Each structure stands twice: as structure tokens, then as C-alpha cells.
S.K.: 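Could you have a look at this structure, given as C-alpha cells, before my questions?
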Amino acid sequence: MTRSRTAIVLTALLLALAAAASWWGWLGWDTSYQTDPRTGVMSGPYEAWQVIGCVLTLLGAGVLGATFVHPRALALMPWGFTIAWSITSSRDDETGLWLVGAFMVLIGMSLGCLVVGLAGRGLGRLLSRGRTRLRVP
């Protein structure tokens, strides 16, 4: 394995752990639903700030990995997030539908990582082109 492949694999593992930590840190601990006292409508278990924080954390980690290492480094992020999500969801589910949810989370995360990886690749090329121009007199 070359150094470049080693860096990609190590970054992929770190990003998978970061994705799982993002789930646990932002969303995994909150299992309570809220009821609006005026309308009686239930919502939750997550608040908007939690979801936004989780998305921004995943986005930031993904952009950094794709830009400075390689877009393939994002390959395990969906798995890290989905496994963490599945651990939480499978505990309380009596219907078995958590597996359907896990599949949907995996697909959504994979598509998101594809978009972020492509954007990071473009940003990495743009940054490297800028560095090259600075070196040439």
C-alpha cells in the first residue's frame, strides 16, 4: 500500500468515527418528544439546532477529507453514521422497521457524501491550481 492509499484509508476510518461521533454527540442522546401546548402536536425527538449542528459537523469533516486527502476518504462515513444510528434505533423498535430506516439513512448519507466528495475534489483542484500559480513567476 502506498503512502497515498494509507492516508486515504486512515482518513476514511477517522471520518467514519467522526460520523458516528456526530450522531452520538448531536442526536443519539435525545429520545424525548415534545408536545406543543397550544396545538397538541407532537414533534421530535430532535430539535432543529441539533440537526443543523449534525449536518454542519458532517459537512465540515467531509469537505476537509475530500479536499485535503481524497474524495474516496468519505467512503466509510455513511457506514459510521448508519451503524451509530442503527444501534440507537434498534434498541427501541418493536416492529423491525429500524432496518428500513437504516437503509434510508445509508442511502441518504451515501448520496450526501458523493456530493460533498465531488465538491471537495473541485475545491482541492482549485486550491492546488492556486498554489501552482503562486510558485510560477
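Note that the coordinates shown come from a computational prediction; the quantities given were computed from them, not determined experimentally. One-based numbering along the sequence shown.
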S.K.: At what distance, to the nearest 0.5 angstrom, does CE of Met77 lie from CG of Leu14?
M.R.: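 The CE atom of Met77 sits 11.0 Å away from the CG atom of Leu14.
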
S.K.: Under 4.5 Å between side-chain heavy atoms, chaining through other members, with only Ile, Leu, Val, Met, Phe, Trp and Tyr counted: pull out the rest of the cluster around Leu118, sorted by chain and number.
M.R.: Leu114

S.K.: Test question: given the 4.5 Å side-chain rule for I, L, V, M, F, W and Y, name all other residues clustered with Val41, or answer none.
M.R.: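 None; Val41 is a cluster of one.
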
S.K.: Name all residues meeting the side-chain hydrogen bond (donor to acceptor under 3.5 Å, both in side chains) criterion together with Asp93; count only those two or more places apart in sequence or in a different chain, and write none if there are none.
M.R.: Thr95

S.K.: Atom CZ in Phe103, atom CG in Leu97: separation rounded to 0.5 Å?
M.R.: 14.5 Å

S.K.: Roughly how far, to the nearest 0.5 Å, is the CH2 atom of Trp98 from the CD1 atom of Ile87?
M.R.: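 Spacing of CD1 (Ile87) from CH2 (Trp98) equals 9.5 Å.
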
S.K.: Give the C-alpha distance, both sets of side-chain angles, the deciding distance and a yes or no for side chain to side chain donor-acceptor pair (under 3.5 Å) between Thr88 and Trp23.
M.R.: CA-CA 10 Å; Thr88 304; Trp23 164 257; 3.1 Å; yes

S.K.: How many angstroms lie between CG in Leu99 and CE in Met104, if you round to the nearest 0.5 Å?
M.R.: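 If I round to the nearest 0.5 Å, the distance is 12.0 Å.
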
S.K.: Working to the nearest 0.5 Å, report the span between CG of Leu27 and CD of Glu47.
M.R.: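 Interatomic distance, Leu27 CG to Glu47 CD, rounded to 0.5 Å: 11.0 Å.
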
S.K.: With the 4.5 Å side-chain cut-off for hydrophobic clustering, are Val55 and Leu74 part of the same group?
M.R.: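 Yes, it is one cluster - the side chains of Val55 and Leu74 are joined through contacts under 4.5 Å.
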
S.K.: Sorted by first residue and then second, give each side-chain hydrogen bond (donor to acceptor under 3.5 Å, both in side chains) pair with at least one member in residues 7-20; sequence neighbours left out.
M.R.: none

S.K.: Using a 4.5 Å cut-off between side-chain heavy atoms of Ile, Leu, Val, Met, Phe, Trp and Tyr, which other residues end up in the same hydrophobic cluster as Tyr33?
M.R.: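 Taking Ile, Leu, Val, Met, Phe, Trp and Tyr as members, Tyr33 shares its hydrophobic cluster with Met42.
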
S.K.: With Thr39, which residues qualify under side-chain hydrogen bond (donor to acceptor under 3.5 Å, both in side chains), at least two apart?
M.R.: none

S.K.: Sequence neighbours excluded, which residues qualify as side chain to side chain contact (heavy atoms under 4.5 Å, CB included) partners of Leu106?
M.R.: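 Partners of Leu106 under the side chain to side chain contact (heavy atoms under 4.5 Å, CB included) test: Pro78, Trp79, Thr82, Ser110.
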
S.K.: Report yes if the side chains of Arg121 and His70 come closer than 4.5 Å at any heavy-atom pair, otherwise no.
M.R.: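 No, every pair of side-chain atoms sits at 4.5 Å or beyond.
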
S.K.: Kindly write out the residues that satisfy side chain to side chain contact (heavy atoms under 4.5 Å, CB included) with Leu111, not counting sequence neighbours, or none if the list is empty.
M.R.: Ile107

S.K.: Are Asp30 and Ser32 packed together at the side-chain level, in the sense that at least one heavy-atom pair is separated by less than 4.5 angstrom?
M.R.: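 Yes - at least one pair of side-chain heavy atoms lies under 4.5 Å apart.
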
S.K.: Which residues pass the side chain to side chain contact (heavy atoms under 4.5 Å, CB included) test with Ser22, sequence neighbours left out?
M.R.: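 Here the qualifying residues are Trp26, Cys54, Thr57, Leu58.
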
S.K.: Is there a path of hydrophobic side-chain contacts, each under 4.5 Å between heavy atoms of I, L, V, M, F, W or Y residues, that connects Val115 with Met109?
M.R.: no

S.K.: How would you list, by chain and number, every residue that makes a side chain to side chain contact (heavy atoms under 4.5 Å, CB included) with Val63, sequence neighbours excluded?
M.R.: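 Once residues adjacent in sequence are excluded, the partners of Val63 under the side chain to side chain contact (heavy atoms under 4.5 Å, CB included) criterion are Leu59, Thr67, Val116, Leu123.
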
S.K.: Can you find a pair of side-chain heavy atoms, one from Leu17 and one from Leu13, that are under 4.5 Å apart?
M.R.: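 Heavy-atom side-chain distance check fails, nothing below 4.5 Å.
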
S.K.: When you group the ILVMFWY residues by side-chain heavy-atom contacts below 4.5 Å and let the links chain together, are Leu127 and Leu64 in the same group?
M.R.: yes

S.K.: For Ser89, enumerate each residue passing the side-chain hydrogen bond (donor to acceptor under 3.5 Å, both in side chains) test, keeping only those at least two apart in sequence or located in another chain.
M.R.: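 Partners of Ser89 under the side-chain hydrogen bond (donor to acceptor under 3.5 Å, both in side chains) test: none.
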
S.K.: For residues Trp29 and Gln50, determine if any side-chain heavy atom of one lies less than 4.5 Å from a side-chain heavy atom of the other.
M.R.: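 Sidechains of Gln50 and Trp29: in contact.
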
S.K.: Identify, with sequence neighbours excluded, every residue that meets side-chain hydrogen bond (donor to acceptor under 3.5 Å, both in side chains) alongside Trp85.
M.R.: none

